[in-house]
Amino acid sequence: MSDSTPWSLRCVETGERYAGDELRYRSESGGLLEVEHDLEGLTAEGARTLFRDRSGAMGGPDASGVWRYRELVLPVEHGEIVTMQEGNTPLYCSEALSAWTGVNWLALKHEGHNPTGSFKDRGMTAGVTAARRLGQTAVACASTGNTSASMAAYAASCGLKAFVFIPAGGIAMGKLAQAIAYGSEVVQIRGNFDDAMRLVQEVCSAHGVYLLNSINPYRIEGQKAIGIEMMHQLDWLPPDWIVVPGGNLGNSSAIFKGLRELRSIGVIDRLPRIAVIQAAGAAPLHQGFQEAFSGGARTVPNPETLASAIRIGSPVSWGKCVDAIQTTDGVVEAVTDDEIMAAKRRVDASGIGAEPASCASVAGLRKLVESGTIDARARVVCVLTGHVLKDTDAVLRGRENVVGDAAGCEPTLSAIGDRIERALEEGAS
């Protein structure tokens, strides 16, 4: 296929370049690829004006919080774009969460407000658009849940066949239900996400199915719109820190790439520092950070955490994320499941709500402020990656504000009255 794109694919390790229309996920030397755009004709003022003028669109690609920034994502024709008007997610402020984490200024970029309830929709709109441009008829992914739900929805929207590989028993039922509802073929395997990832790559290679995990460079292009839209919402004034949960590390890598490109054309004048927060039971990047990324092991053999969305022991986007951390003078922290759930209770109680993995960012921020790594005077944005309804079991587990039982046993008026009085006393204190 002759290259007809204004972008190319570049190996992040060796610099090898390939045509933008070439179907590949890695370079010949095995390194990850990234999309490299020609941004010479895009000025800071021109970009700001363009993005501002599109932000009021009521329909079409300009109404998408990804495709209104298409010069920085994929500059393709409108008719080629597969979109569900993803993005446009809120930037919440909460005085209660600001006080709990210990910073004076905190905003939460809630990606759970995307069409299928997670940030994965941003990457999938770009990935599925690329699949159609490349003439693909079937797509596949390994998933801990959110990727499968998103890919299944976007594939269904444009008539592609979808195959989802998931670790049996390792996925929240709400996410699995989405993948099934949207019509994907679900393959449950023994093992964890990393085992599923190895298998799906083999299957895609053998059967000519297009792979849509974050090894796919176009996924990253869509996900980087999180950072671009965040800067737009902040009137192009970068915060001091952006705090992101870390599993497969595609999100932190993507946000960094978007910010780097915004700075390259002068839309923002500096890069925020990036903090990646991992669950303690699935924290290979944190271990690497403690060892100054000196070349030790990049895997955790048996990752374990109740935050299933980041239960990943062998992150695909390791190198890209390390670049983000080192370039921005960022940090990596690990938080326990108890710390994640304590943060989740605070996020939920603020009326915002998010799945456990999302709340790792809030738990991590609190820990980094307590250690003095992040100054209390810093302006901080935490990214919440998934909706509260993504994992309802985590919400119901151990909650005390429910009267009655699941079997339908109705509480007495006395029990109800006692609970009301107790709740009113707690609110007053």
Side-chain angles (χ1 to χ4, degrees), residues 1-29 31-55 60-62 64-83 87 122-135 214-232 236 238 250 253-271 317 319-320 323-324 327-328:
M1 178 184 292
S2 62
D3 185 23
S4 59
T5 66
W7 66 84
S8 59
L9 300 176
R10 185 184 70 86
C11 177
V12 298
E13 296 177 10
T14 66
E16 300 166 72
R17 280 182 166 76
Y18 303 90
D21 274 343
E22 188 169 342
L23 200 168
R24 59 166 56 242
Y25 313 107
R26 292 186 181 272
S27 67
E28 291 296 329
S29 58
L32 290 180
L33 300 173
E34 71 174 11
V35 175
E36 190 168 79
H37 298 277
D38 179 4
L39 300 176
E40 288 212 7
L42 196 60
T43 66
E45 188 55 37
R48 292 192 194 101
T49 300
L50 196 61
F51 301 154
R52 183 194 65 223
D53 291 348
R54 290 173 178 167
S55 62
D62 288 355
S64 162
V66 172
W67 294 106
R68 77 168 54 101
Y69 309 111
R70 54 187 170 275
E71 287 76 11
L72 297 174
V73 177
L74 281 181
V76 297
E77 299 295 326
H78 281 202
E80 297 179 300
I81 293 172
V82 180
T83 179
R122 291 187 188 261
M124 213 53 73
T125 184
V128 171
T129 293
R132 285 221 308 177
R133 289 191 80 258
L134 293 167
S214 55
I215 189 175
N216 186 305
Y218 297 107
R219 279 274 312 277
I220 299 299
E221 293 309 290
Q223 284 172 215
K224 75 186 186 187
I226 298 171
I228 299 171
E229 184 178 85
M230 182 194 301
M231 294 304 105
H232 195 171
W236 310 112
S253 305
I255 290 171
F256 168 66
K257 186 173 187 289
L259 296 173
R260 187 185 69 200
E261 290 168 352
L262 284 177
R263 190 184 65 169
S264 74
I265 58 176
V267 173
I268 59 174
D269 60 3
R270 61 180 176 83
L271 294 175
S317 297
K320 292 180 179 181
D323 184 32
T327 302
T328 67

Any side-chain heavy-atom pair from [X] and [Y] closer than 4.5 angstrom?
X	Y	value
Pro75	Arg70	no
Lys257	Lys320	no
Asp38	Pro6	no
Ile226	Arg122	yes
Asp269	Arg263	no
Ser264	Leu39	yes
Val76	Thr5	no
Leu32	Cys11	no

With rounding to the nearest 0.5 Å, note down the distance linking [atom1] in [X] to [atom2] in [Y].
X	Y	atom1	atom2	value
Trp7	Tyr218	CH2	OH	6.0 Å
Ser317	Arg219	OG	CZ	9.0 Å
Phe256	Thr327	CZ	OG1	4.0 Å
Ile81	Ser64	CD1	OG	8.0 Å
Leu74	Glu80	CG	CD	9.5 Å
Arg133	Leu23	CZ	CG	11.5 Å

I'd like to know whether His37 forms a side chain to side chain donor-acceptor pair (under 3.5 Å) with Glu71, so could you lay out the CA-CA distance, the side-chain angles of the two residues, the decisive distance to 0.1 Å, and finally the verdict.
CA-CA 8 Å; His37 298 277; Glu71 287 76 11; over 6 Å; no
With sequence neighbours excluded, what pairs up with Glu34 under the salt bridge (charged side-chain N to carboxylate O under 4.0 Å, His left out) test?
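Applying salt bridge (charged side-chain N to carboxylate O under 4.0 Å, His left out) to Glu34 gives Arg10, Arg260.
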Which residues pass the salt bridge (charged side-chain N to carboxylate O under 4.0 Å, His left out) test with Arg26, not counting sequence neighbours?
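With sequence neighbours excluded, Arg26 shows a salt bridge (charged side-chain N to carboxylate O under 4.0 Å, His left out) to no residue whatsoever.
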Minimum-distance pair of heavy atoms, taken over all atoms of [X] and [Y]:
X	Y	result
Ile265	Ala47	CD1-CB, 4.1 Å
Arg24	Tyr18	NE-CD2, 3.5 Å
Gly65	Glu229	CA-OE2, 3.4 Å
Pro61	Trp67	O-CB, 3.4 Å
Leu9	Leu33	CD1-CD1, 4.2 Å

When you compare the side chains of Ser29 and Glu16, does any donor N or O come within less than 3.5 Å of an acceptor on the partner?
yes
Within the distance-only criterion (no hydrogens, no angle test), does the side chain of Thr125 pair as donor or acceptor with the backbone N or O of Val82 below 3.5 angstrom?
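Side chain of Thr125 to backbone of Val82, a donor-acceptor pair under 3.5 Å: yes, one is there.
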List the residues meeting ring pair (Phe, Tyr, Trp, His ring centres under 6.0 Å) with Tyr69, not counting sequence neighbours, and say none if there are none.
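Testing Tyr69 for ring pair (Phe, Tyr, Trp, His ring centres under 6.0 Å), a comparison that skips the adjacent residues, returns Phe51, His232.
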side-chain contact (heavy atoms from CB on, under 4.5 Å), paired with Val267, selected from Ile228, Leu42, Leu262:
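One option only clears the test, and that one is Leu262.
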